[in-house]
Amino acid sequence: MAQAKTYKACKRTVLWFFVFAFALHTAFKSGLKAISGFVPQNVLIIIDMTWASLIIVAVTVFPIYVLVAKYEVTQDNVRLRKGFILFSHQLVPLSSVMSVTTVTTPLSVLTGFNFVVLNSPGSKSIMPFVTTRQAKEVSKMIEDAIQRQMTGEDAQ
Amino acid sequence: MRAAESARELKSKAKEFLSFRQHPIKIIKYTTRYLWLLLLSLAKYLIASSFDIAAWLDTNWFDLVIIIAIFAFAFVRWATIYFELGNDRIIAHTGFLGMTRTVVFFEHIASLSLCQGPFSYLVHSCEVYIDTDAKCFQSSDIRIDLTKSRAMEIYHLISNNVRTQPGFVFKARKRQMFIFSLLFTSAVSGAVVLLTILYQAYRITDDEMSRRLIDEVNSQIKIIESSGIWIYFLAAGSLIGLVWLMSFVSNLLRHWAFTCKPGDEHLRIRSGKGSRRHHLLCRRYINYLDFTQSFLMRIFRICSVEVGCTGYGKRRKEISALIPITTLKDAVASAKMLAPEYSLCKAQVKTGKANIVGYVIIPLIAAVMPSAAGAVMIRFFPHKREQIVFIAVMLALPLLWMAVVKFSAAFFTSLGFKGDNVTLCYCRWYTFHKIALKKERITKVKVRQDPFSRISGNCTVLFYTTGERSRCHKVAGVKYKRTLEILKNNGFDVTGDLNKA
């Protein structure tokens with residue numbers, strides 16, 4: 001039985017997303033106020049409504065997406081559960097993974113905006129919003145699995 | 001004596017230099033595409049000055065220097081781009097001044113293509129494309145223009161170990177191919193629909209409407225436009241008709257005299273009239289076989305088989321044909337002979353009557369839209385009711401046709417596993433695909449559910465296969481639980497412990 005390790009998307013990301021969204025919203029509102037003298041009132045209302053609907057959608061969708069996201073790494077496969085309206089389960093055989101890309105930024109230690117990308121020929125699978133520690137761990141596990149497969153340890 | 005020896009030595013050195021360079025025609029290709037415009041103006045000046053070379057040189061020296069510089073740069077590029085051949089590899093020095101060095105081992109070559117167009121045939125040159133499964137910066141790993149003999153030398157060197165199976169060579173039947181292509185090519189129906197729409201649009205705009213439109217602009221434009229608008233539609237119609245004809249003829253010529261010779265490790269494909277093509281496909285790198293049919297082809301049991309192999313069929317106007325259009329019976333039998341390692345499996349889960357609504361609902365909704373738009377238009381232009389209705393119907397027709405196709409797809413979609421083989425049947429747009437692939441070529445499996453399919457207990461399965469491009473095979477509307485069970489039994493446990501709390 002292959003050892004499986006399960007990871008959930010970092011909940012902290014939601015909090016930071018709200019902070020970013022609020023900052024962006026404030027900046028947008030200030031920008032809108034600055035140009036209000038040059039733009040007709042009707043256009044301003046349309047822009048404002050569009051922005052509000054976008055913010056509402058983002059603020060609703062993102063937490064659900066993060067809550068649903070779950071990943072499982074075994075010695076042979078990687079499984080991903082993601083989605084908002086279109087829920088999907090993905091299975092990536094490690095035998096097909098050619099390389100792993102880990103995207104981390106200095107701020108991502110706090111925010112949790114880390115991504116692990118599994119590069120297979122013909123497909124790319126992304127594990128979004130994992131903690132820095134998780135990203136490194138997943139990356140290491142996959143690299144080890146690829147190496148094991150290359151050296152043929154599994155077959156022995 | 002000594003002079004003759006040195007001349008011989010020089011000659012052999014030049015021969016060696018040339019044998020690892022591209023065809024000299026490449027120098028012309030390296031010069032800018034519109035260089036001839038400059039040459040044309042220079043020639044014009046020469047004629048105008050009654051061939052007074054001195055005066056001509058005096059006035060046009062700068063243009064001449066530019067042309068010489070362009071040719072010199074092209075020559076330097078040609079001289080610095082070269083290739084080396086080893087026993088097991090080819091090394092190409094390409095890119096700017098040959099600074100990119102690409103090493104490709106023969107063992108890793110997925111496909112080798114030699115293309116010779118009519119002009120290349122005259123100058124005895126040949127375009128060589130070498131592709132591997134590795135993703136690289138360019139569209140091909142190596143792309144060079146060589147002399148035909150040198151290209152064939154590489155072709156034979158790579159296929160050196162190939163022992164062709166005696167007794168079977170697939171040859172496309174020309175007459176059958178011509179008739180089937182003419183009858184079943186989807187471009188026919190597309191061209192007919194487009195031509196009819198344009199003709200009707202021309203009928204609307206030729207008289208009253210064009211005059212009304214033009215009256216609102218100004219009188220000067222009116223004079224020009226009133227005689228012009230209908231001509232545009234006619235010209236566009238003729239252009240589309242001509243384009244279709246050209247496309248049909250070029251497609252036919254591309255697959256004319258198509259032969260496929262199976263070997264132990266490779267498939268040798270030759271085709272084309274006018275422009276000859278030689279392809280060498282490595283069996284190990286074949287990703288899948290695709291039995292392709294349009295709706296009419298499905299009714300008349302006609303089929304063509306495409307092969308998914310890196311590099312093959314990706315060039316402009318190319319199709320990755322393994323078996324050009326023929327009867328389904330012939331296609332299955334020939335595919336068995338050409339690629340016996342691939343076999344079609346029985347469907348383990350398939351869609352049926354219950355999925356009809358799910359399949360046809362979107363095309364039907366889309367088909368209603370032109371009618372709704374037509375109804376709105378009639379309110380504004382009631383005197384043009386007949387023509388507007390006609391255009392709305394013509395626009396709705398392809399969508400209704402799609403609904404019919406999707407209706408048929410509801411009884412076609414399936415997936416099945418048997419040992420190492422997987423068979424996927426699905427419909428993409430207007431085309432039916434039956435994919436035969438190996439489990440080992442699957443790089444990702446995705447099971448997706450939207451709220452509607454969640455209620456009905458269905459799902460969409462997407463299979464991603466090895467290849468340079470991300471192309472997935474989408475099997476929609478299959479039973480969720482049964483599909484998960486089948487996938488699990490065949491080593492693709494998609495959910496694992498993820499759904500456990």
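Every chain is numbered from 1, with letters handed out A, B, ... down the list of sequences.
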Calculate, to the nearest 0.5 Å, the distance between atoms CE and OG1 belonging to A:Met98 and B:Thr466 respectively.
7.5 Å
Between B:Arg441 and chain A, with a heavy-atom cut-off of 4.5 Å, which part of the residue counts as in contact: side chain, backbone, both or neither?
neither
If you round to the nearest 0.5 Å, how far is OH of B:Tyr464 from CG of A:Leu91?
13.0 Å
Heavy-atom count around A:Phe18 CZ within 6.0 Å, excluding the residue itself: above 12?
yes
Minimal heavy-atom distance between B:Ile442 and A:Ser96, with the atoms involved, is O-CB, 4.4 Å
Are more than 12 heavy atoms, taken from residues, nucleotides or ligands other than B:Glu485, located less than 6.0 Å from that residue's CD atom?
yes
Other residues, nucleotides and ligands only: do more than 12 of their heavy atoms fall within 6.0 Å of CZ on A:Phe22?
no
How about B:Lys438: does its NZ atom have over 12 heavy atoms from other parts shown lying under 6.0 Å from it?
yes
Taking all atoms of both residues into account, what is the closest heavy-atom pair of B:Thr443 and A:Val92, and its distance?
O-CG1, 3.7 Å
Is it the backbone or the side chain of A:Ser95 that comes under 4.5 Å from a heavy atom of chain B, or both, or neither?
neither
Tell me, for A:Leu118 versus chain B, whether the close heavy atoms (under 4.5 Å) come from the side chain, the backbone, both or neither.
neither
Flag yes if more than 12 heavy atoms outside A:Lys140 fall under 6.0 Å of its NZ atom; otherwise flag no.
no
Hey, does the side chain of B:Arg448 reach the backbone of A:Gln90 with a donor-acceptor pair shorter than 3.5 angstrom?
no
Around A:Lys82, counting heavy atoms of other residues, nucleotides and ligands shown, do more than 12 lie under 6.0 Å from its NZ?
yes
Test item: B:Lys444 side-chain N/O and A:Lys124 main-chain N/O as donor-acceptor pair under 3.5 Å
yes
More than 12 heavy atoms of other residues, nucleotides or ligands under 6.0 Å from NZ of B:Lys481: yes or no?
no
Counting only non-hydrogen atoms closer than 4.5 Å, does B:Asp493 touch chain A with its backbone (N, CA, C, O), its side chain (CB onward), both, or neither?
both
